[in-house]
Trainee: 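This is the structure I want to talk about, given as structure tokens.
Residue numbers start from 1 in every chain, and the chains themselves are labelled A, B, ... in the order their sequence lines are given, proteins ahead of strands. None of the values given here were measured: they were computed from a predicted structure.
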Amino acid sequence: MTRVKIKEILSLSPQGQEVIVKGWVRTFRNNQFIALNDGSTNNNLQVVVDFNATEETILKRITTGAAICATGKLIASQGKGQTVELNATSVQIIGDSDAEKYPLQPKKHSLEFLREIAHLRFRTNTFGAVFRIRHSLAYAVHKFFNDKGFVYLHTPIITASDAEGAGETFAVTNFDLNNIPKNDKGEIDFKQDFFGKHTNLTVSGQLEGELGAMAFGDIYTFGPTFRAENSNTTRHLAEFWMIEPEMAFYDLNDNMDLAEELLHYVINYALEHNKEDIEFLNTRLLDEEKQKPQNERSELNLLEKLQFCVTNKFERITYTQAIDILKESSHNKKKKFQYLINEWGVDMQSEHERYLVEKHFKKPVIITDYPAAIKSFYMRQNEDGKTVRAMDILFPGIGEIVGGSQREERLDKLEARMNAMNIPTEELQWYLDTRRFGTCEHAGFGLGFERLVLFVTGMTNIRDVIPFPRTPKNCEF
RNA sequence: UCCUUCUUAGCUCAGCUGGUUAGAGCACAUGACUGUUAAUCAUGGGGUCCCUGGUUCGAGCCCAGGAGAAGGAGCCA
């Protein structure tokens with residue numbers, strides 16, 4: 001007889017059939033009832049032990065967190081909380097768990113505390129649900145692109161180019177840090193380093209992704225990225241996962257269509273395949289909302305929010321239109337913004353983005369055609385000479401979830417822009433080659449995977465949707 | 001990096017105007033009970049009051065410095 005996973009057992013009709021289960025004890029009540037979980041589902045299997053026929057020494061070892069193997073007959077439950085239960089004929093202890101030392105107690109814990117024991121938090125209902133959803137979303141991303149014929153391109157983690165301008169980088173070296181080689185001028189001599197030059201962890205796979213798009217047509221990357229920004233917010237990590245598709249022969253509209261289709265697809269996938277987990281998180285959030293005053297509660301619950309998001313088109317407006325809406329808003333006139341909107345060209349603050357998404361349109365918004373001055377060098381310049389073909393997708397509660405653009409495919413325009421922005425062209429000749437040899441219009445975007453997981457799970461801190469968060473002053477586990 | 005708030009038992013938190021032996025609920029242990037749903041009832045153990053220094057007859061409480069956390073801002077995905 002082989003072991004059956006609890007997810008499968010709970011779907012069986014109980015006919016006294018013999019089964020073996022293995023899992024971890026969540027609670028042991030009344031010396032009889034084990035709530036057993038094996039991670040296959042958030043729901044526990046109730047294992048009923050006959051304490052008169054079981055050794056005292058075994059009963060004492062059925063503690064919260066212990067790994068056990070139970071054999072018995074599957075019957076209709078005689079209690080109210082569940083439909084089936086396992087009438088155990090034998091219980092073996094596979095791994096003991098000292099209840100006095102085991103940090104997870106059969107009670108509610110704060111997310112902050114669980115973050116400190118991230119190695120054990122997978123064993124809670126909340127994090128079980130979050131990380132099963134995270135898995136589904138990752139799988140859905142690969143399935144979406146694979147079904148469309150995209151090539152999954154593995155762009156490098158270690159790179160010598162820090163020219164993306166996407167933020168501070170982490171240096172990669174194998175120098176003895178107590179004895180760093182210097183040259184005649186007293187500068188660090190990177191010629192003696194492992195790669196013979198200064199290297200760092202990637203902040204984006206985009207530039208390499210563009211090289212792939214110029215051969216395969218459609219590619220995507222899905223991997224970790226690293227930013228050494230001293231950001232202490234609920235939306236930033238030093239190590240995070242990013243999805244970056246890059247498509248040849250795409251303009252900005254094609255790019256937006258793809259991003260919107262991708263988001264609809266993956267959220268739908270989770271709604272279909274993680275129904276129980278999303279419902280659990282939905283209930284959890286509703287309980288939390290009850291603690292809040294009426295006016296701070298959200299209009300839609302998590303399920304409604306996700307369904308709304310997959311059934312409605314995202315609002316598309318230009319930066320110029322967005323600024324007009326903000327300028328004319330009563331919020332701006334009554335000076336409720338901390339930063340008032342007076343003129344075209346300023347960068348929008350998160351309070352403005354939140355206003356547009358959560359108050360004005362009440363749905364995801366795509367903002368396009370930003371002023372060139374506040375955007376990256378590789379974005380295609382518009383005919384007006386002022387704006388570039390950029391697009392940001394803003395989500396309620398999250399802010400920017402996607403940032404993308406149509407790329408500048410004209411060599412002369414691109415070089416002129418790089419020179420104006422002091423981007424060293426000599427280091428990026430490999431990138432400029434795409435514009436020299438068979439250049440074509442193309443576009444792409446970056447989707448922050450953790451921000452997507454945040455949205456779908458309804459969690460509010462990004463450190464709770466990645467297994468082991470890396471943030472300033474924190475690199476545990 | 002900046003602003004605000006916080007740091008007391010394993011967890012969540014009280015702690016009065018600076019004053020004797022620092023409390024509660026939960027968790028845990030022991031016993032009772034035995035169809036429970038975070039079982040229940042009784043009993044019990046458990047503290048570097050974040051760290052360093054200062055003020056004071058006396059500091060969990062006041063002051064200075066430091067560390068860490070949470071929320072917000074900036075940067076962005």
Trainee: Just checking A:Lys80: base, sugar-phosphate only, or nothing, at a heavy-atom cut-off of under 4.0 Å?
Mentor: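 Base contact.
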
Trainee: Have a look at A:His109 and say if it touches a base, only the backbone sugar-phosphate, or nothing, with a 4.0 Å heavy-atom cut-off.
Mentor: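 Sugar-phosphate: the residue A:His109, judged by heavy atoms under 4.0 Å, touches backbone atoms but no base.
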
Trainee: Using a cut-off of 4.0 Å on non-hydrogen atoms, how would the nucleic acid contact of A:Thr27 be classed: base, sugar-phosphate, or nothing?
Mentor: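 The residue A:Thr27 makes sugar-phosphate contact but no base contact.
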
Trainee: So what does A:Pro103 hit on the nucleic acid, given a heavy-atom distance under 4.0 Å: a base, only sugar-phosphate, or nothing?
Mentor: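 Nothing, no heavy atom under 4.0 Å.
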
Trainee: How do A:Ile401 and A:Asn230 order along RNA chain B: which one's closest nucleotide is nearer the 5' end?
Mentor: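 Upstream on the strand: A:Asn230.
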
Trainee: So what does A:Arg26 hit on the nucleic acid, given a heavy-atom distance under 4.0 Å: a base, only sugar-phosphate, or nothing?
Mentor: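 Here A:Arg26 touches no strand at all.
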
Trainee: Are more than 12 heavy atoms from other residues, nucleotides or ligands located less than 6.0 Å from atom CD of A:Glu276?
Mentor: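 Not more than 12 within 6.0 Å, no.
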
Trainee: For A:Thr234, answer base if it contacts any base atom (sugar-phosphate contacts may also be present), sugar-phosphate if it contacts only those atoms, and nothing otherwise; contact means non-hydrogen atoms under 4.0 Å.
Mentor: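 If one applies the 4.0 Å heavy-atom cut-off, A:Thr234 turns out to touch the sugar-phosphate alone, with no base involved.
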
Trainee: Just checking A:Thr233: base, sugar-phosphate only, or nothing, at a heavy-atom cut-off of under 4.0 Å?
Mentor: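 It contacts base atoms.
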
Trainee: Taking donor-acceptor contacts at under 3.5 Å, does the side chain of A:Asn232 reach the base of B:U1?
Mentor: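 Yes, a donor-acceptor pair under 3.5 Å.
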
Trainee: Within the structure shown, what part of the strands sits under 4.0 Å from A:Phe240 by heavy-atom distance: base, sugar-phosphate, or nothing?
Mentor: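 Base: the residue A:Phe240, judged by heavy atoms under 4.0 Å, touches a nucleobase.
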
Trainee: Within the 4.0 Å heavy-atom criterion, would you say A:Gln32 contacts the bases, only the backbone, or no part of the nucleic acid?
Mentor: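 Base, at least one base atom sits under 4.0 Å.
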
Trainee: Could you tell me whether A:Lys148 and A:Glu261 have a side-chain N and a carboxylate O separated by less than 4.0 Å?
Mentor: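 So A:Lys148 pairs with A:Glu261 through a salt bridge.
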
Trainee: In dot-bracket notation, what is the pairing pattern of RNA chain B, taking Watson-Crick (N1-N3 plus N6-O4 or O6-N4) and G-U wobble (N1-O2 and O6-N3) contacts under 3.5 Å, with [ ] crossing and | for other strands?
Mentor: (((((((..((((.....[...)))).(((((.......))))).....(((((..]....))))))))))))....

Trainee: Between A:Phe122 and A:Phe131 (judged by ring centroids, cut-off 6.0 Å), do the two rings come close enough to count as a pair?
Mentor: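 Distance test on ring centres: under 6.0 Å, yes.
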
Trainee: Regarding A:Gly446, tell me which of base, sugar-phosphate or nothing describes its non-hydrogen contacts under 4.0 Å with the strands shown.
Mentor: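 Sugar-phosphate contact only - A:Gly446 comes under 4.0 Å of backbone atoms but never of a base.
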
Trainee: Surrounding NZ of A:Lys363 (heavy atoms of other residues, nucleotides or ligands, distance under 6.0 Å), is the total greater than 12?
Mentor: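 Enclosed: over 12 neighbouring heavy atoms sit under 6.0 Å from NZ of A:Lys363.
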
Trainee: Under 4.0 Å between any heavy atoms, over every strand shown, what does A:Glu85 touch: base, sugar-phosphate, or nothing? Just pick one.
Mentor: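 Contact class for A:Glu85: base.
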
Trainee: Base, sugar-phosphate, or nothing for A:Asn44, non-hydrogen atoms under 4.0 angstrom?
Mentor: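 It contacts nothing in the nucleic acid.
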
Trainee: Using a heavy-atom cut-off of under 4.0 Å over every strand shown, decide if A:Gln338 touches base, sugar-phosphate, or nothing.
Mentor: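 Here A:Gln338 touches no strand at all.
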
Trainee: Centroid-to-centroid, A:His119 to A:Phe477, below 6.0 Å?
Mentor: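 Close enough - the centres of the two rings lie under 6.0 Å apart.
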
Trainee: Is there a donor on the side chain of A:Gln82 or the base of B:U36 sitting less than 3.5 Å from an acceptor on the other?
Mentor: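 Result: at least one qualifying N/O pair found.
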
Trainee: Tell me if the side-chain of A:Ser231 makes a donor-acceptor pair with the base of B:C76, cut-off 3.5 Å, by modelled atom types.
Mentor: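 Flag unset: no donor-acceptor pair detected.
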
Trainee: Apply side chain to side chain contact (heavy atoms under 4.5 Å, CB included) to residues A:Met242 and A:Ser204 and explain how you reach the verdict.
Mentor: CA-CA 8 Å; A:Met242 192 152 61; A:Ser204 162; 4.3 Å; yes

Trainee: Using a cut-off of 4.0 Å on non-hydrogen atoms, how would the nucleic acid contact of A:Leu237 be classed: base, sugar-phosphate, or nothing?
Mentor: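 Answer is base: heavy atoms of A:Leu237 come under 4.0 Å of a base.
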
